[in-house]
Amino acid sequence: MLQVVAIREQFESYVEGLNKRGIQNASDILNELLKIDDQRKSTQQSLEEILSESNQSAKIIGQLLKEGKKEEAESAKAKTSELKQQSKALGESLSALEEELKSKLYNVPNIPHSSVPAGKNAEDNEVVKLEDSSIPQLNEGAKPHWDLIEEYDIIDFGLGNKITGAGFPVYKKEGARMVRAMINYFLDQALEAGYQEVQPPILINEDSGYGTGQLPDKEGQMYQAMDTNMYLIPTAEVPITNLYRDVIIEENQLPVKNVGYTPCFRREAGSWGSHVRGLNRLHQFDKVEIVQVTTPDKSYETLEQMVGHVEKLVASLGLPYRILRLCGGDMGFTSALTYDFEVYSAAQQKWLEVSSVSNFETYQANRLKLRIKDKNGKKVLAHTLNGSALAIPRILAAILENNQTESEIHIPQVLHRYTGFESIKK
RNA sequence: AGAGGCGUGGCAGAGUGGUCGAAUGCGGCGGUCUUGAAAACCGUUGUACCGCGAGGUACCGGGGGUUCGAAUCCCUCCGCCUCUGCCA
């Protein structure tokens, strides 16, 4: 969440930033926050005065009792009781104000970076790179992946339907081995790029949900484990970034670079139709995620480096891709700048999002209380970043469609040593 | 899952109702000594919020309560340890 101090100091640019997201009454919203904060301060001041007074008199009472002056002590007690009534009332209004401030702050999204284009939706995203020379010319009878997986019998939606429900596919034979191969390939590539591998829990508690911003605004997107306050993770970002909740990192330990593979679970409420057919949108899917924690002055450099890593992965698979800089209206709630990667899936003739790389600046760190201590002992909020590297099902869909022939599907060369086969045959 | 025990500053470890934000040791930082280092000695060393400042307030796992006053008493939740049970 945003810091009130920062809102105060950079009011105008924050208003502009929120406008880019399509929030028109931004200055009203921010002014309201400042007003509540002012009330909070003055309430806190009066409360602390009273507490100070009653602390003093408690000490005096102790002294009096020690000296055996019982009656004086009793009358002092009576007075102090009055103070207590006052402080109780003030304490209650203080915490009410704090609650109000916090819940309002939770509902204000991050301020977009200056390079973020204004815009309403996906149509206003800016294409920063287009690599489409590898778009294949498919034969007449080329099939979308949902037909191919049946033909080659490598993914079974019907079975998934039976044991769980729609959106939970069962990968079989070469399909299952492809998934495993890609996970290993992506992890190995990240290790080579200097990331440390972690395997986090895939069930998280509420604190973690708030820490990275899934709660309270995206509660409906997550599956909740019945009779518990735990949620299935929608992305490894949540547990991996929350590793650093309530942590102070020494500056010389930076950057923190973690990579993790996890399944991801998304309810995706309200999405039906042909555009979500097959592997395009699932309730459970596999993803390798990279997460970095770094200093404010280096985070945009880090973002470029992460984008470079993802680009290398996509390119190595021989898939046509493009990189988008998301506009204010399409960007995630907590992000300051997001690049999306899309690969072209030639049979359905669609660009599919396979990665999203974001800099959250201090937005998550403020919720997480994740700080950096520099050489002089000064503490500042860290910057957090993450990116998919990569999400597996749509990559698989594009490979299946783009590499199909009449009788087989070719597997990208970099995966051969992981799959143990070079093509999928009927 | 049941029974019992425990949860104090970076770590170890005192403190069981009244100047306790908290003894002591280790570690860290600064200094004296030394050619340099070690040892020794001296000093210093938590976080957050409010305030221009002096200063104030809160925090001894989390939340609530009793009391003029709580690290200390009570309730509750969480976590850890031990024993029993179960189990990949």
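Chain identifiers are assigned alphabetically (A, B, ...) following the order of the sequence lines, protein sequences preceding nucleic acid strands; residue numbering begins at 1 within each chain. In this text the structure is predicted, and so the values were computed from the model without any measurement.
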Short side-chain donor-acceptor distance under 3.5 Å, Ser52(A) and Asn55(A): no

Rounded interatomic separation in angstrom, taking CD from Glu74(A) and P from C68(B): 9 Å

Touch class at under 4.0 angstrom, heavy-atom based, for Lys41(A) against every strand present: sugar-phosphate

Separation of the C1' atoms in G10(B) and G5(B), to the nearest angstrom: 26 Å

Spacing of the C1' atoms in A14(B) and A71(B) (rounded, Å): 12 Å

Donor-acceptor pair between Gln292(A) and Tyr195(A) side chains, under 3.5 angstrom: yes

Pair partner, U19(B) [Watson-Crick or wobble, under 3.5 Å]: none

Complementary nucleotide for G30(B) - Watson-Crick or wobble, under 3.5 Å: C42(B)

Sugar-phosphate only, base, or nothing, as touched by Ser52(A) at under 4.0 Å among non-hydrogen atoms: sugar-phosphate

Base paired to A1(B) (Watson-Crick or G-U; both N/O distances under 3.5 angstrom): U84(B)

Main-chain N/O of Leu303(A) paired to Asn359(A) side chain as donor or acceptor, under 3.5 Å: no

Whole-Å distance separating the NZ atom of Lys77(A) from the P atom of U66(B): 15 Å

Side-chain touch Gln364(A)/Asn110(A), heavy atoms, less than 4.5 angstrom: no

Side-chain N,O (Arg40(A)) to OP1/OP2 (C49(B)) below 4.0 Å: no

Atom C1', compared across A3(B) and U57(B): separation rounded to whole Å: 42 Å

With Ser345(A), the side-chain hydrogen bond (donor to acceptor under 3.5 Å, both in side chains) member among His145(A), Arg394(A), Lys350(A), Glu401(A): Glu401(A)

Side-chain N or O of Asn55(A) closer than 4.0 Å to phosphate OP1/OP2 of U57(B): yes

Spacing between Gln45(A) atom CD and A58(B) atom C1', to the nearest angstrom: 15 Å

Touch class at under 4.0 angstrom, heavy-atom based, for Ile248(A) against every strand present: nothing

A58(B) versus U19(B) - spacing of their P atoms, nearest Å: 14 Å

Sugar-phosphate only, base, or nothing, as touched by Leu51(A) at under 4.0 Å among non-hydrogen atoms: sugar-phosphate

Distance between P atoms of G46(B) and C11(B) (Å, rounded): 14 Å

Length of the CD-P vector between Glu49(A) and G55(B), whole Å: 17 Å

Gap in Å between the two C1' atoms, one belonging to G15(B) and one to C73(B), rounded: 16 Å

Interatomic distance where CD belongs to Glu48(A) and C1' belongs to G55(B) [whole Å]: 11 Å

Position toward the 5' end of RNA chain B (nearest nucleotide), Gln63(A) or Asp37(A): Gln63(A)

Interatomic distance where CG belongs to Leu97(A) and C1' belongs to C49(B) [whole Å]: 15 Å

Mutual orientation of the aromatic rings belonging to His283(A) and Phe168(A) [parallel < 30°, tilted 30-60°, perpendicular > 60°]: tilted

Between P of G55(B) and CD of Gln56(A), the distance in whole Å: 14 Å

Watson-Crick or G-U wobble partner of C11(B), both distances under 3.5 Å: G25(B)

Sugar-phosphate only, base, or nothing, as touched by Gln44(A) at under 4.0 Å among non-hydrogen atoms: base

Under-4.0 Å side-chain N/O to phosphate OP1/OP2 contact, Arg371(A) with A48(B): yes

Sugar-phosphate, base or nothing in reach of Lys84(A), heavy atoms under 4.0 Å: base

Watson-Crick or G-U wobble mate for C52(B), both contacts under 3.5 Å: none

Base-pairing mate for U35(B) - Watson-Crick or G-U, with both contacts under 3.5 Å: none

Interatomic distance at C1', G30(B) relative to G7(B), whole Å: 34 Å

Integer-rounded Å distance: C68(B) C1' and Lys88(A) NZ: 16 Å

By ring-ring contact (aromatic ring centres under 6.0 Å, His included) - contacts of Phe157(A) (at least two apart): none

G18(B) to G69(B) separation - C1' atoms, rounded to the nearest Å: 6 Å

Opposite nucleotide pairing with U47(B), Watson-Crick or G-U, both atom distances under 3.5 Å: A58(B)

